[in-house]
Amino acid sequence: MADLTTSYLGLQLENPVIISSSRLTDQLKGLQKSAAAGAGAVVLKSIFEEQIEYDSRSMIKGMDDFSSHADAYDFLANSSKDYYIDRYLDLVEKAKAALGIPVIASVNCVSQGAWLDYADRFQEVGADALEINMFIVPSQTAISGANIEQQYIDLLRKILAKVSIPVAVKLGYHFSGMANFMKQLDELGVRGLVLFNRYYRPDIDIEKIAMKAGDIVSVEQEASLSLQWTALLSGQLGCDICANTGIHTGDAVIKHLLAGASAVEICSAIMKFGYGTITDMKKTLSDWMSRKGFDTLDDFRGLLSKSNTDSPEVWERTQYIKAVTGIS
Ligand SMILES: Cc1cc2nc3c(=O)[nH]c(=O)nc-3n(C[C@H](O)[C@H](O)[C@H](O)COP(=O)(O)O)c2cc1C
């Protein structure tokens, strides 16, 4: 088998296939299945800042007279918060002890709330890195793109000041000046960008005339977005890019490495096809490398990124013009 090792966030991974944050990674049993199937690393299910806030609020909702119950109020608010945090830290610690592969903790946050107080505890219990899943829905007409980007940067600056383990940011693609924004994150000290998160997709049931949830799992075609942006940005950023969404096959892993990714994160493929997907991806990658005469991932990583290809325009608009007009 070819050498599939890769460096991501300064961590040495046996191979570039990482199991992304999801219900596959919320319990030790699932994490052990991923490790046994040969994953390069795992990202634990995110702890959500809302989860903590909501639970605190729900427990103290009935206490309308806080002045006479101040101690109890404080106790409930804090013990509720600690319950989730302690459970999460326990999972990080157990995963680290049991798996033998890098364990990346994950926080889903949008504000500089209470969770920042415990950001450094992830590293204390052994997390190798922290992935921040952040999404401010740009749905308010009064708030500019620059304002939203600044919110990301302010929060990430605080996180980076608080933790010493590498920090990756998992992003969506709702940024107008995407390359510039990602460069700003790179310069801030973020060690990796996970491109892109796949958000909840609301849908409408026309018979019931009601809202419904869209598919929670991705389809293969969705990978074209991460492929394009990995290729566009990989040569321009110092930090690593980890591709995500729609990566279902070994071929897709190879394409993202050729575009310049350090690693890929997968989740839907395992939910659809089982843990054997990890073995299949590694075998496809290894066989392809042997066929093409590559010994290591660095022999071909980024070969087709925008900065390395002779035809950088294929990653941008001209390809579209060519497709619709036939002009070559
Ligand atoms: C059931 C489910 C739960 C998820 N939970 C999280 C989560 O807690 N945090 C997170 O960052 N991403 C979460 N995700 C998103 C995945 O990590 C991943 O980004 C997304 O599914 C796209 O990758 P894929 O196409 O390989 O599935 C979840 C996805 C699914 C399907």
Side-chain angles (χ1 to χ4, degrees), residues 8-9 16-27 30-31 33-34 37 39-52 54 84-85 87-88 91-92 95 103-110 115 122 127 129-137 152 155-156 159 167-174 190 192-203 213-230 241-256 261 263-278 280-282:
Y8 174 56
L9 309 178
V17 181
I18 301 174
I19 312 311
S20 71
S21 178
S22 63
R23 67 164 83 116
L24 298 172
T25 61
D26 67 353
Q27 288 183 13
L31 291 162
K33 281 187 191 165
S34 293
V42 287
V43 184
L44 300 192
K45 171 84 180 149
S46 305
I47 182 162
F48 285 65
E49 74 174 60
E50 288 90 343
Q51 201 179 357
I52 298 162
Y54 174 76
Y84 279 108
I85 296 163
R87 251 181 23 164
Y88 198 79
L91 181 64
V92 175
V103 172
I104 302 172
S106 167
V107 178
N108 184 308
C109 59
V110 284
W115 81 269
F122 298 114
L130 181 61
E131 185 177 284
I132 304 293
N133 178 345
M134 206 177 155
F135 184 37
I136 300 167
V137 186
Y152 279 83
L155 178 51
L156 285 165
I159 295 168
V167 172
V169 186
K170 186 173 185 181
L171 291 167
Y173 40 85
H174 299 84
V190 162
L193 296 175
V194 182
L195 307 180
F196 294 101
N197 199 356
R198 184 178 193 274
Y199 298 111
Y200 167 76
R201 299 177 179 209
D203 198 359
D215 285 341
I216 62 161
V217 290
S218 63
V219 294
E220 257 188 273
Q221 289 74 9
E222 292 176 51
S224 56
L225 196 66
S226 61
L227 187 65
Q228 180 181 22
W229 283 93
T230 300
I241 293 181
C242 179
N244 181 225
T245 292
I247 299 171
H248 288 198
T249 63
D251 285 6
V253 177
I254 296 167
K255 289 179 192 183
H256 281 87
V264 301
E265 285 189 12
I266 65 164
C267 148
S268 293
I270 299 179
M271 288 180 176
K272 282 182 177 176
F273 313 119
Y275 285 92
T277 306
I278 304 169
D280 292 347
M281 284 179 167
K282 286 164 58 181

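In listed order, ligands and their atoms are each counted from 1. Along the sequence shown, the residues carry numbers beginning at 1. All values below come from the heavy atoms of this structure, side chains included, with hydrogens, waters and symmetry mates left out.
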Short N-O contact, E222 and R201, less than 4.0 angstrom
yes
Counting each atom of ligand 1 from 1 as listed, which ones have a heavy atom of [X] under 4.0 Å away?
| X | value |
| --- | --- |
| K45 | 3 (C), 4 (C), 5 (N), 6 (C), 7 (C), 8 (O) |
| I266 | 26 (O) |
| N197 | 15 (C), 19 (O) |
| K170 | 10 (C), 11 (O), 12 (N), 15 (C), 16 (C), 17 (O), 18 (C), 19 (O) |
| N133 | 9 (N), 10 (C), 11 (O), 12 (N) |
| R198 | 20 (C), 22 (C) |
| F48 | 8 (O) |

To the nearest 0.1 Å, how far is [atom] from its closest protein heavy atom, and which atom is that?
| atom | result |
| --- | --- |
| atom 9 (N) of ligand 1 | S46 OG, 2.6 Å |
| atom 21 (O) of ligand 1 | C267 SG, 3.8 Å |
| atom 27 (O) of ligand 1 | S268 OG, 2.5 Å |
| atom 7 (C) of ligand 1 | S21 OG, 3.2 Å |
| atom 23 (O) of ligand 1 | N244 ND2, 3.1 Å |

So for T245 against ligand 1, with non-hydrogen atoms under 4.0 Å, the contacting part is both
>> Does any part of the side chain of I19, heavy atoms only, come nearer than 4.5 Å to the side chain of C267, both counted from C-beta?
In response: no
Per side-chain hydrogen bond (donor to acceptor under 3.5 Å, both in side chains), S268 is matched among S22, S20, S218 by S218
Please indicate whether any nitrogen or oxygen in [X] is less than 3.5 Å from any nitrogen or oxygen in ligand 1.
| X | result |
| --- | --- |
| S20 | yes |
| E131 | no |
| I216 | no |
| V217 | no |
| S106 | no |
| R23 | no |
| S218 | yes |

For the atom pair [atom1] ([X]) and [atom2] ([Y]), what is the distance rounded to the nearest 0.5 Å?
| X | Y | atom1 | atom2 | value |
| --- | --- | --- | --- | --- |
| E131 | L9 | CD | CG | 8.5 Å |
| L225 | T230 | CG | OG1 | 9.0 Å |
| Y173 | R198 | OH | CZ | 8.5 Å |

Under a heavy-atom criterion of less than 4.0 Å, does A269 contact ligand 1?
no
* F196 heavy atom under 4.0 Å from ligand 1 -> no
Start with the C-alpha gap between Y84 and F48, add the side-chain angles, then the distance that decides, and say whether side chain to side chain contact (heavy atoms under 4.5 Å, CB included) holds.
CA-CA 10 Å; Y84 279 108; F48 285 65; over 6 Å; no
- Query: Heavy-atom count around Q27 CD within 6.0 Å, excluding the residue itself: above 12?
  - Reply: no
Using a cut-off of 6.0 Å, state whether more than 12 heavy atoms not belonging to K45 lie near its atom NZ.
yes
Exercise. Could you walk me through whether K170 and F135 pass the side chain to side chain contact (heavy atoms under 4.5 Å, CB included) check?
Worked result: CA-CA 9 Å; K170 186 173 185 181; F135 184 37; over 6 Å; no
Heavy-atom nearest pair, V92 first then F122, reads CG1-O, 4.3 Å
Heavy-atom closest pair (I18 atom, C242 atom, distance to 0.1 Å) is CD1-SG, 4.2 Å
Out of M271, E222, E265, the nearest non-hydrogen contact to atom 1 (C) of ligand 1 is supplied by M271
Margin query: With side chain to side chain contact (heavy atoms under 4.5 Å, CB included) as the criterion, how do T25 and V43 come out once you've worked through the C-alpha distance, each side chain's angles and the decisive distance to 0.1 Å?
Written below: CA-CA 7 Å; T25 61; V43 184; 5.7 Å; no
List the steps and the verdict of side chain to side chain contact (heavy atoms under 4.5 Å, CB included) for F196 and N244. CA-CA 5 Å; F196 294 101; N244 181 225; over 6 Å; no
